[in-house]
Every structure is written in structure tokens, then in C-alpha cells.
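Below is one structure, written out as C-alpha cells; comments come after it.
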Amino acid sequence: HESNLTFQTPMEWFPCCSGFVQWLRSTYQLRFQKSWHIDACIFLNIRKGNLVPLIRIQTNTSLLKDQINPLLISLSQKASEWLDKPEAYVQVILESDMAILFAGSTEPSALIEVRSLGFFGHSIGEITQALSTFIQENIGIPQDRIFINFFDMERKNWGWNGKTFG
């Protein structure tokens with residue numbers, strides 16, 4: 001994200017909202033510079049509640065231990081792009097060697113869950129295509145053997161750091 005909003009002082013933009021600025025700092029750990037730079041995308045994400053995605057992949061495919069971490073790292077970066085979320089909030093779970101029967105067969109298959117507080121990045125169709133392609137290219141599971149479920153979570157139903165988001 002290239003654009004920045006620059007605040008000379010907090011009161012220029014929030015004349016009645018010094019409490020709001022403090023809330024932004026404490027709730028989202030924003031660090032304001034002397035010139036009050038705020039990444040516009042982060043600010044918009046906060047306003048939309050556009051944080052905290054989770055991608056969980058369950059597959060019956062066997063993966064070597066040295067394959068898993070690079071896949072997790074790559075998928076975390078991709079998820080951040082696809083979902084237009086800060087990677088600092090992305091969680092990826094990869095469960096291999098699961099007992100899965102799909103279409104009467106134990107051939108390689110996967111069930112993927114994508115959970116988020118809103119979907120404001122790419123369309124769900126685009127995310128489905130990108131995620132299916134990623135899994136096929138990196139794990140070798142054909143796209144017609146992948147189910148993907150999307151869950152748009154309510155803020156009150158997602159907890160982090162000892163509290164919920166809503």
C-alpha cells in the first residue's frame with residue numbers, strides 16, 4: 001500500500017477526538033511518528049474491522065516436515081495479499097495426513113476454511129481461484145478435489161489478546 005495520510009497534529013483531523021487517537025494507539029498498537037503518518041490502508045482496515053484472517057487447510061496428502069514451514073510462510077504472505085489484510089494478523093494452519101474420503105476416493109484432496117472479519121480485498125471467486133491454484137501447484141492436489149468454505153465472522157465472535165473485536 002503506497003498511500004499515506006499525514007497528520008501534522010492529531011487535533012487537525014480529530015479536533016474533538018483525542019480519545020479516538022488514544023484508542024487507535026492502544027487497540028491497534030499504531031505508532032504515530034512526529035509527523036503523524038498513518039498508513040491509509042491500515043486506517044481503512046481498522047474502520048471496516050478488516051483484520052484477523054485464518055486459513056485452515058486439511059488434506060490427506062503426506063507432507064515432509066521441511067515442506068510445511070515454507071508452505072505456511074508463502075500462504076501467509078499470499079493470504080495477506082488476497083484478503084487485503086496485514087500479515088501481522090494472518091493465521092495459517094496446515095494439517096496433513098488427515099483421513100479424508102472425497103467422492104468415494106482417498107486420492108489427494110483438501111478441505112480449506114477461510115475465516116475473516118469481512119472480505120474487502122479480492123472477490124471470493126478470485127480468492128477461490130488463487131487458493132486452488134496455490135494448493136495444486138504447491139501440494140499437488142487437483143482443483144476438482146478441493147472444497148473451500150468462506151466464513152465472514154462477526155466481530156463479537158472472534159477473540160484475541162484477552163477480548164473480542166466486537
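In what follows, every heavy atom counts, from backbone to side chain, and hydrogens, waters and symmetry copies are set aside. Note that the numbering runs from 1 along the sequence shown for the chain.
Within the model, atoms OG1 of Thr59 and CZ of Arg145 stand 9.5 Å from one another, a figure rounded to the nearest 0.5 Å. One finds the CD1 atom of Ile139 at 6.5 Å from the OG1 atom of Thr61 (value rounded to the nearest 0.5 Å). Atoms CG and CG, from Leu117 and Leu83 in turn, are 11.0 Å apart once rounded to the nearest 0.5 Å. Expressed to the nearest 0.5 Å, how far CG of Leu75 lies from CG of Leu131 amounts to 6.5 Å. The CZ atom of Arg56 lies 7.0 Å from the CZ atom of Arg115; values are rounded to the nearest 0.5 Å. Annotation: the span from Ile148 atom CD1 to Ile124 atom CD1 amounts to 10.5 Å, rounded to 0.5 Å.
Applying the side-chain hydrogen bond (donor to acceptor under 3.5 Å, both in side chains) test to pairs two or more places apart or on separate chains, those with a residue in residues 65-79 are Ser76-Glu87.
Contacts of Glu107 classified as side chain to side chain donor-acceptor pair (under 3.5 Å), with partners at least two apart in sequence or in another chain: none. Legend: residues meeting side-chain contact (heavy atoms from CB on, under 4.5 Å) with Gln143, ordered by chain and number and at least two apart, are Gln129, Ser132, Thr133, Gln136.
Linking ILVMFWY residues whenever their side-chain heavy atoms come closer than 4.5 Å, directly or via other members, leaves Trp82 and Ile73 in distinct clusters. Taken together through direct or relayed side-chain contacts under 4.5 Å among Ile, Leu, Val, Met, Phe, Trp and Tyr, Met153 and Ile93 form part of one hydrophobic cluster.
In this structure, Ala79 and Ile55 approach most closely via the heavy-atom pair CB-CD1, 3.5 Å. Summarising the geometry of Pro108 relative to Pro142, their closest heavy-atom pair is O-CD, 4.2 Å, with the distance given to 0.1 Å. Between Pro86 and Ser80 the shortest heavy-atom distance is C-OG, 4.0 Å.
Arg155 forms no cation-pi arrangement with Phe165, by the criterion of a distance under 6.0 Å to the ring centre and an angle within 45° of the ring axis.
Grouping Ile, Leu, Val, Met, Phe, Trp and Tyr residues whose side-chain heavy atoms lie under 4.5 Å apart, directly or via other members, leaves Leu64 alone, with no other cluster members. Taking Ile, Leu, Val, Met, Phe, Trp and Tyr as hydrophobic and joining them when side-chain heavy atoms fall under 4.5 Å apart, one finds Phe102 in a cluster with Leu111, Phe147. Grouped by direct or indirect side-chain proximity (heavy atoms under 4.5 Å, Ile/Leu/Val/Met/Phe/Trp/Tyr only), Ile100 sits with Met98.
Looking at Val114 and Phe119, their side chains come closer than 4.5 Å, going by heavy atoms from C-beta outward. Thr164 has its side chain out of reach of Asn157: every pair of non-hydrogen atoms, C-beta onward, lies at least 4.5 Å apart.
A donor-acceptor pair under 3.5 Å is formed between the side chain of Asn60 and the backbone N or O of Ser109. The backbone N or O of Glu126 sits less than 3.5 Å from a side-chain atom of Ser123, completing a donor-acceptor pair. With hydrogens and angles disregarded, a donor-acceptor distance shorter than 3.5 Å links the side chain of Asn138 to the backbone of Phe134.
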